Structure formats: C-alpha cells, structure tokens
J.: 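Can you read through this structure? Questions will come right after.
Not measured: the values here are computed from a predicted model. Nothing fancy with the numbering, it's 1 onward along the sequence.
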Amino acid sequence: MFIKRVYILFVHGIVIDFDCRAFKGKLCPRAMGNSCVPGSVPGRSNQGQGQVSNGAQTTFKWTIDGFSSLLDKGNAWTCSSVFQIRGLNWYLRLNLRDTKSGDKEEYVSLKLVLAQRHVRSDKVVEASFKFLIYDQSYGKHHEEHQVSHNFQSTSTTSGTSCMIPLTTLKEKSSGFLVNNCCILGVEFTRVVVAEGKDVSETLFVQKINNICSDPQVYSWNIDDFFLLKNPSTSPVFELCGHKWFITIHPSGQDKSGNYLSLYLSMKVLDTLHENSGNLVELSISIKDQETGKHRKLSGRCQFSKNSPSWGWPKFISLEDFKDSSNGFLLKKKCCIEAQIAVIGSSKIE
C-alpha cells in the first residue's frame, strides 16, 4: 500500500544560531553520548517477532521546497516528521552545510534515526538502506552505497552520510535542484519487520512573516530540586500561540542516576489537527546562577501528534549539575529556561 504524505512547511528566513552537532550531548550522532530525540512516539512495532523481511523495497521521499530558505539557516540539522516503514517509526536528519575534517567543502548530509525509545535492550533491528537524491530533470537518482546498521537501544542513529557536495547539488546541469526544490530519500532493502509501506513527505520552506519566528522564552524556577519526582513537569505555559510544558527526569529517563533528562512537549491534542505539525527551533537551558555560563542545548524538530515531545535523555551529568562550582544547583534551587520559535507549519494532504 502506498501512503503519500505532503507536509507544507512555511519557514521564516531568519538566521538563528543553531547547530545540531553542537548539541554537546546529541537532537543526534551522539556527541558526548547525548541526543535530542523524540519523546514517547505512538505506533506499533513488530520487531519482537524477530523476522527478517527481504521482500519489496520501501522508500521514504522528502521534498524540500524552498531550498534556499533552509540553506540560510546555516550549518544545522533539521528533522523530518516521524514516518513508519515496516512497522517501525523512523525519521531523517538533514544538514545542508555539513563539513568533513580537513575539508573546506560543504556537503549535504543525511542520517537515519529509529524513533522508538521503547526498543528493548535485548533486541536489534538489522536494517540495510540507501540514501537517495533525485535528478528531477531525467527521473534518475544519485545514491550512496548500501548502508547496514544495527539499531538498538544504545545506537538508534546511523552514521552520517555526506551524500554530495553542496556546489554539485546547486549546479543546474545536475538536475538535483529545480525551481528551488530538491528531493531526498531513503530506500530500505532489508529490515527486521513483518510488512512494508512506502511513505512520501514534501517539505515546503518559504520566507514569510506570519509565523512566530522570533524566539520567546519561559523560565521554570524550581525551589527544591530534591523534592522532584522522576519524572516531574513544569506548569503549562503558552509561547508562540501554543501550550507547552517541560519534563524533567532528575535521575535520568533511564533511571540510572547518572544523567539529568529534559524534554519539551507541545499540548497538541487541543491545538493541532491530526494531519498538521509545527517546525520548531528550540533551546533548553539550565541557568548558571553565578557566572552566567549556562548549559544550553538546541534543536530543530517537527512537533505533531506522532512526535509531541523532543529533548535530551542525557542533558547533563548529575555530577556536573550538582557541582556547586558550576552554579546550576545552589541551595537546592535551579532554573530551567525554554526558548521557542515556531518557524514552520505542516499539513498532510
């Protein structure tokens, strides 16, 4: 069965200081073992059956319409919507200005992420796939060599694939960029699932002024950190015309007691249609109450009913957080700040 998803995203062309690789922890791959990842994502998984399917290939297409506006955002990672292939939830991460060590050239890079945080520690999802970029002039596509990756609870992100130099993509003769539009994708050839589906997404990025692209800020003052439950949530607050709340796991989302986890959630049930979403640039900070050297991580993600919550399971080590010399926790008090800009809206047709 073929499912076509068309996401129309209107993005204001403002440059915002954001670098997914500077998440210093990981919205993924994991710098310092941390990552901005979706919160609880609904969806069924057949991986527990332990079957390998080598049947018809399945493909997810992601059309970027308004390429130059997204390019203006700089060296940053943008997440696609969560899509389902063969019973598992995935999403792509795209960087239009990626770099390689010792190379001044800029590259268009992709990563594939298994979105389900409930993957069992004793299960492995073995997947083989190819990243694609489509030649719109001749109906062909450029593809990377086939990639194989074992996705599991400790490794939900494939390695970065620098698909093509940015200068090559922008050449008119390549056919990759037509009318300010390019089409990327991932093609699965083998994965541990029971059945497959083809999914397509179109991302329209345009410079307009009627979206809340100027960041708005909310501060959550916690009087006694040690009284928090695991997890605890902030009061609901309203920014950029939407209601939000922050979730904190004082002893970590995995309850290991080694890291503090932080997530931002949108209350989408009352404010967002089932077939709609919002592209959001977000930052979460733990304030340094003495020197102003705050712990701040940022990301660019799509909030929808399938992925209403994004954040970092390893935002900061509890050792660093509780070290009084860092100024994050003083006399049991701490302050968490969320900065939000809704830079796009999406609609499934």
Side-chain angles (χ1 to χ4, degrees), residues 2-16 18 20 58-83 85 90-98 105-113 129-144 160-187 198-211 213 275-281 300-302 304 342-349:
F2 177 76
I3 298 176
K4 181 179 181 182
R5 293 182 178 178
V6 180
Y7 287 84
I8 304 176
L9 290 190
F10 300 96
V11 178
H12 193 286
I14 292 180
V15 176
I16 298 177
F18 156 78
C20 187
T58 56
T59 303
F60 173 78
K61 289 185 180 180
W62 193 13
T63 302
I64 310 298
D65 193 343
F67 178 88
S68 61
S69 293
L70 191 58
L71 190 65
D72 288 343
K73 295 293 181 181
N75 185 345
W77 291 92
T78 298
C79 299
S80 75
S81 294
V82 175
F83 57 91
I85 293 285
W90 312 83
Y91 63 95
L92 290 178
R93 302 190 68 243
L94 167 69
N95 190 339
L96 297 180
R97 293 186 179 273
D98 201 6
E105 184 109 49
E106 293 181 314
Y107 292 86
V108 176
S109 296
L110 283 173
K111 300 175 187 176
L112 176 66
V113 185
F129 52 92
K130 300 175 182 178
F131 290 123
L132 310 173
I133 182 167
Y134 290 82
D135 180 343
Q136 301 174 67
S137 298
Y138 297 98
K140 301 179 181 179
H141 61 262
H142 164 82
E143 62 183 40
E144 289 288 296
T160 302
S161 178
C162 294
M163 294 190 61
I164 192 171
L166 179 60
T167 53
T168 301
L169 181 143
K170 295 170 70 175
E171 292 176 356
K172 291 184 178 180
S173 60
S174 72
F176 296 139
L177 186 62
V178 177
N179 296 326
N180 203 24
C181 169
C182 71
I183 304 174
L184 308 169
V186 59
E187 181 180 71
D198 289 336
V199 185
S200 178
E201 176 187 52
T202 300
L203 177 67
F204 295 92
V205 187
Q206 299 180 12
K207 294 184 178 182
I208 62 173
N209 298 312
N210 60 352
I211 295 176
S213 57
N275 292 332
S276 299
N278 287 280
L279 184 62
V280 176
E281 285 189 330
R300 183 189 299 150
C301 315
Q302 292 192 52
S304 66
V342 179
I343 61 170
S345 62
S346 64
K347 183 179 180 182
I348 302 174
E349 297 179 346

J.: Within this structure, what is the OG-CD1 distance for the pair S174 and I133, rounded to the nearest 0.5 Å?
T.: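 S174 OG to I133 CD1: 7.5 Å, rounded to 0.5 Å.
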J.: CG/L177 to NZ/K172 distance, rounded to the nearest 0.5 angstrom?
T.: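 Output value for this atom pair is 10.0 Å.
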J.: Over all heavy atoms of both residues, which pair between Q302 and S81 is shortest? Give the atoms and the distance, please.
T.: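 In terms of heavy atoms, the two residues are closest at OE1-OG, 2.8 Å.
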J.: For W62 and L94, work out which heavy atoms get closest and say how close.
T.: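 Distance-wise, the nearest heavy atoms are CZ3-CB, 3.6 Å.
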J.: Once you round to the nearest 0.5 Å, how far does CZ of F67 lie from CG of D72?
T.: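 So the gap between those two atoms works out to 10.0 Å.
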J.: I'd like to know whether D135 forms a side-chain contact (heavy atoms from CB on, under 4.5 Å) with F176, so could you lay out the CA-CA distance, the side-chain angles of the two residues, the decisive distance to 0.1 Å, and finally the verdict.
T.: CA-CA 5 Å; D135 180 343; F176 296 139; 4.1 Å; yes
J.: Might you point out which heavy atoms bring I85 and W90 nearest each other, and give the distance in Å?
T.: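 Heavy atoms only, the tightest pair is O-NE1, 3.3 Å.
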J.: Does E105 have any side-chain hydrogen bond (donor to acceptor under 3.5 Å, both in side chains) partners at least two apart in sequence or in another chain, and if so, which?
T.: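 Partners of E105 under the side-chain hydrogen bond (donor to acceptor under 3.5 Å, both in side chains) test: T167.
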J.: Measure the OG1-CD1 distance between T78 and I343 for me, rounded to the nearest 0.5 Å.
T.: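 T78 OG1 to I343 CD1: 7.0 Å, rounded to 0.5 Å.
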J.: State whether the side chain of Q136 and the backbone N or O of N179 hold a donor-acceptor pair below 3.5 Å, judged by distance alone.
T.: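 No; zero donor-acceptor contacts below 3.5 Å.
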J.: Would you check, one step at a time, whether the test side-chain contact (heavy atoms from CB on, under 4.5 Å) holds for C181 with T63?
T.: CA-CA 7 Å; C181 169; T63 302; 3.4 Å; yes
J.: Nearest 0.5 Å, please: how far is OH in Y91 from CG in L112?
T.: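 Here the interatomic distance stands at 10.0 Å.
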J.: Rounded to the nearest 0.5 Å, how far does CD1 of I183 lie from CD1 of I64?
T.: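 CD1 of I183 is found 10.0 Å from CD1 of I64.
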J.: Carefully, step by step, assess V178 and S137 under the rule side-chain contact (heavy atoms from CB on, under 4.5 Å).
T.: CA-CA 8 Å; V178 177; S137 298; 4.3 Å; yes
J.: Under 3.5 Å, is there a donor-acceptor pair between the side chain of R300 and the main chain of L279?
T.: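 No, the answer is negative, given that no donor and acceptor are paired below the 3.5 Å cut-off.
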J.: Where do L96 and L70 land on the side-chain contact (heavy atoms from CB on, under 4.5 Å) test, with the steps shown first?
T.: CA-CA 8 Å; L96 297 180; L70 191 58; 4.0 Å; yes
J.: For V186 and F83, which heavy atoms make the closest approach, and how far apart are they?
T.: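 For V186 and F83, the tightest heavy-atom pair comes out as CG1-CZ, 4.2 Å.
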J.: Kindly write out the residues that satisfy side-chain hydrogen bond (donor to acceptor under 3.5 Å, both in side chains) with S109, not counting sequence neighbours, or none if the list is empty.
T.: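 Only D98 meet the side-chain hydrogen bond (donor to acceptor under 3.5 Å, both in side chains) criterion with S109.
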J.: Without swapping roles, check the side chain of E187 against the backbone of F129 for a donor-acceptor pair under 3.5 Å.
T.: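 Pair absent, no side-chain N/O of E187 close to backbone of F129.
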J.: Identify, with sequence neighbours excluded, every residue that meets side-chain hydrogen bond (donor to acceptor under 3.5 Å, both in side chains) alongside Y134.
T.: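 Result, side-chain hydrogen bond (donor to acceptor under 3.5 Å, both in side chains) vs Y134: none returned.
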